[in-house]
2 protein chains.
Amino acid sequence: MPRPRIATIRDVAALAGVAVGTASKALNGQGSLRAETITRVRQAAEQLGFVANAAARSLQTRRTYTVGMITTDTIGRFSIPMLIGVEDALGAGRISVLLCDARDDPIRERHHLDVLLSRRVDGIIVTGRRAGTRPPIDAGPGVPVVYAFLASADPADCSVVPDEAGGAQAVLDHLTALGRSRIVHVTGPAHHHSARVRASVFPDSLYGAWSESWGRQAAAILLARGQHFDAVACGNDQIARGVTDALREAGHRVPHDVAVTGFDNWAVIAEASRPPLTSVDMDLAGLGRAAANLLLQAIAGNPATGTHTHPAHLVIRDSTVAVSP
Amino acid sequence: MPRPRIATIRDVAALAGVAVGTASKALNGQGSLRAETITRVRQAAEQLGFVANAAARSLQTRRTYTVGMITTDTIGRFSIPMLIGVEDALGAGRISVLLCDARDDPIRERHHLDVLLSRRVDGIIVTGRRAGTRPPIDAGPGVPVVYAFLASADPADCSVVPDEAGGAQAVLDHLTALGRSRIVHVTGPAHHHSARVRASVFPDSLYGAWSESWGRQAAAILLARGQHFDAVACGNDQIARGVTDALREAGHRVPHDVAVTGFDNWAVIAEASRPPLTSVDMDLAGLGRAAANLLLQAIAGNPATGTHTHPAHLVIRDSTVAVSP
DNA sequence: TCGTTCAAGGAAAACGATTTCCCTGACGCT
DNA sequence: AGCGTCAGGGAAATCGTTTTCCTTGAACGA
């Protein structure tokens with residue numbers, strides 16, 4: 001059989017016995033039409049399995065209901081929750097997401113940007129993990145851009161970043177409230193922006209790597225130092241897990257002798273630790289939603305500017321407890 | 001200043017002093033034009049920052065250079081590498097990916113499907129983690145679909161799945177070659193398709209959950225059973241890590257007394273274990289590439305059918321070693 | 001010199017919607 | 001009866017490209 005050509009609004013109009021313009025109005029609820037006409041057109045559309053061609057529509061309306069999401073570095077663990085949040089917020093507005101992975105390559109990034117512009121996306125969300133800020137992307141006029149997780153270097157751009165310092169402060173407050181006073185911070189590489197920000201609220205910090213093995217090593221260093229400590233606040237969950245394991249195996253009780261905290265609230269690590277880790281949740285899905293909503297506003301003509309911080313919150317598990325009297 | 005309207009091919013043609021048709025030919029290298037004309041048009045386009053409107057183009061060419069990727073369950077750890085592989089293979093063909101997250105909700109899935117169809121995507125990749133097969137999606141005629149990771153229930157559809165049984169067999173062969181003969185398999189829930197497939201090659205299996213704590217619990221069960229065993233092949237890396245920790249803490253040496261293997265090769269778990277885990281890598285990125293390439297072929301008019309298995313391979317680390325003589 | 005052929009590029013018809021006019025009756029009012 | 005108003009719906013312009021025809025001159029061979 002001849003492959004049944006996909007139905008156009010022409011076919012619908014013909015079947016319903018009206019003009020194409022009328023069919024369009026009936027399907028979109030525009031203009032003034034008799035109820036009977038509307039249902040006749042709708043039935044015809046239903047019968048033909050008609051789905052409006054988005055390209056044709058956006059040519060006319062100058063809206064594509066598409067936004068691009070560019071990840072600076074490769075899409076990974078941090079991008080996923082944000083992506084979900086973004087999809088969530090945009091899906092409500094019937095907007096789809098075009099995903100672009102720049103892999104830290106400026107050429108790839110430029111190429112993806114050109115593709116997005118040629119598709120006339122309604123807006124762009126830029127994300128990535130690397131540093132604290134990144135050079136703004138050049139998306140010509142009329143295309144709103146929101147930066148998520150990392151901020152644009154241009155403070156006039158609109159960015160949403162997690163409140164990492166606030167999260168760290170929450171840890172410190174929590175530990176202090178538990179009566180812990182000799183707190184050490186163990187975190188990732190000193191050149192890493194997040195490491196420095198998270199460390200900023202603690203008086204004493206050890207820099208290393210973002211890994212469990214560094215956590216174990218750091219615990220050994222702390223024990224060898226011989227100085228008393230009753231809490232270790234870690235720069236991420238993996239370090240915290242390493243610290244926890246090493247302390248336990250050295251005969252120290254976590255959380256009674258030493259409280260330990262993580263950062264990122266990565267369930268697979270934090271919940272599998274013994275004991276499960278108190279950790280900072282940056283609410284990346286919420287951050288993604290926030291970025292998407294700001295983008296929607298910008299698309300609607302109310303662009304926001306400046307860097308907005310999105311609150312983090314503490315998830316308390318068994319690795320922190322008040323000092324024994 | 002009046003916002004400079006985005007340049008169209010009309011503007012380019014006017015600036016270059018040619019007709020729009022000619023400009024189009026010059027930019028796309030069609031027809032026969034003088035070299036001088038071509039460069040003149042290209043310069044004009046460059047000067048105006050012209051980028052062709054993809055909607056208008058695809059209206060004409062009936063190609064959108066877009067494919068949709070629908071994830072059945074929520075996009076997560078398994079989708080990422082596949083997504084990267086897909087993007088990789090499609091990016092070469094200048095095709096973009098529209099990401100849709102159905103979250104196990106048939107309504108959402110139907111909605112996303114309609115959106116993709118209205119966008120006239122060139123093809124669709126369906127992925128997800130849940131079961132071994134899933135009902136085929138209803139993407140009208142003319143839109144090729146490839147299922148990745150899980151297969152379509154209709155064997156005439158085109159699917160690409162990891163060779164889980166082959167991976168498990170590779171583990172068994174590896175352990176056997178090391179002289180291990182009393183092998184126990186510890187894996188996830190019995191109702192889970194992957195658990196059963198992976199278990200199928202082992203004579204003795206314990207079903208539980210996909211977690212570290214189940215791994216620890218299983219190790220305790222094995223030790224309490226009192227039967228000798230010299231290897232534990234686990235259904236995933238988290239279980240393997242739990243098993244490893246529990247065995248070590250019970251005074252057994254891994255890998256000398258007992259060899260342990262994981263599955264999935266999830267770096268953050270496998271490499272952080274003590275010792276690092278020998279594990280099966282399903283090459284999800286490669287699987288994504290394979291699926292994308294099959295889709296490209298289908299789009300080009302050569303659809304493949306049937307379920308293709310993509311090979312897995314063993315990554316050998318320190319958790320497996322030959323039995324001491 | 002007179003067709004032929006061919007390169008070069010213009011004109012216009014698609015592609016599939018939306019939207020703006022405009023036309024036609026029916027109705028109400030004086 | 002005459003006039004304005006308004007609901008209902010048709011016709012056609014429009015969005016920005018690509019592609020198919022045409023129309024030119026110029027070169028060329030007989």
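Residue numbers start from 1 in every chain, and the chains themselves are labelled A, B, ... in the order their sequence lines are given, proteins ahead of strands.
Checked against side-chain contact (heavy atoms from CB on, under 4.5 Å), L296(B) has the following partners two or more places apart in sequence or in another chain: L90(B), I95(B), N293(B). Looking at residues two or more places apart in sequence or on another chain, you find a side-chain contact (heavy atoms from CB on, under 4.5 Å) between R34(B) and E36(B), T37(B).
One atom, CG of D11(B), and another, P of dC15(D), lie 11 Å apart when rounded to the nearest Å. Rounding to whole angstrom units, CZ of residue R10(A) and C1' of dA12(D) are separated by 12 Å. The distance from atom CZ of R34(A) to atom C1' of dG8(D) is 7 Å, rounded to the nearest whole Å. Distance R120(A) CZ to dT17(D) C1': 11 Å, rounded to the nearest Å.
If you find the closest nucleotide of DNA chain C to L27(A) and to L33(B), the one lying nearer the 5' end belongs to L33(B). In terms of position along DNA chain D, the nucleotide closest to S32(A) lies nearer the 5' end than the nucleotide closest to the other residue of the pair S32(A) and V20(A). Mapping G17(B) and T22(A) onto DNA chain C via the closest heavy atom, the residue that lands nearer the 5' end is G17(B).
Looking at every heavy atom in both residues, I125(A) comes nearest to A148(A) through CG2-CB, 4.2 Å. Nearest approach of S58(B) to R63(B), heavy atoms of both residues: CB-O, 2.8 Å. The heavy-atom pair separating L27(B) from F50(B) by the smallest distance is CD1-CE2, 3.6 Å.
Between V115(A) and L98(A) the shortest side-chain heavy-atom distance does not fall below 4.5 Å. Side-chain contact between R103(B) and D88(A) is present, with at least one heavy-atom pair separated by less than 4.5 Å.
Counting non-hydrogen atoms under 4.0 angstrom, S24(B) reaches a base of the nucleic acid.
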Q: Output, in order, the C-alpha distance, side-chain angles, deciding distance and verdict of side chain to side chain contact (heavy atoms under 4.5 Å, CB included) for R110(B) and D114(B).
A: CA-CA 6 Å; R110(B) 181 71 233 176; D114(B) 283 341; 2.9 Å; yes
Q: Walk me through it: do R120(B) and T66(B) pass the test side chain to side chain contact (heavy atoms under 4.5 Å, CB included)?
A: CA-CA 8 Å; R120(B) 302 291 191 268; T66(B) 309; over 6 Å; no
With 3.5 Å as the limit, what N/O pairs link the protein to nucleotides 20-23 of chain D?
| residue | atom | partner | partner atom | Å |
| --- | --- | --- | --- | --- |
| dT20(D) | O4 | K25(B) | NZ | 3.4 |

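For R77(B), the CZ atom is densely surrounded, since the number of other residues' heavy atoms within 6.0 Å is greater than 12.
A nucleotide of DNA chain C counts as in contact with chain B when one of its atoms lies under 4.0 Å from a heavy atom; the first and last such, 5' to 3', are dA7(C) to dG16(C).
Contacts between residues 43-68 of chain A and DNA chain D, defined by a heavy-atom separation below 4.0 Å, involve L59(A), Q60(A), R62(A), listed by number.
Remark: L295(B) CG to M69(B) CE distance equals 11.0 Å, nearest 0.5 Å. Here I9(A) contributes atom CD1 and R57(A) contributes atom CZ; the two are 8.5 Å apart, rounded to the nearest 0.5 Å.
Remark: side-chain polar atoms of R40(A) are paired, donor with acceptor, to backbone N or O of A16(A) under 3.5 angstrom.
Five base pairs at each end of the helix from dT1(C)-dA30(D) to dT30(C)-dA1(D) define two local axes, and these are offset by 60° (rounded to 10°).
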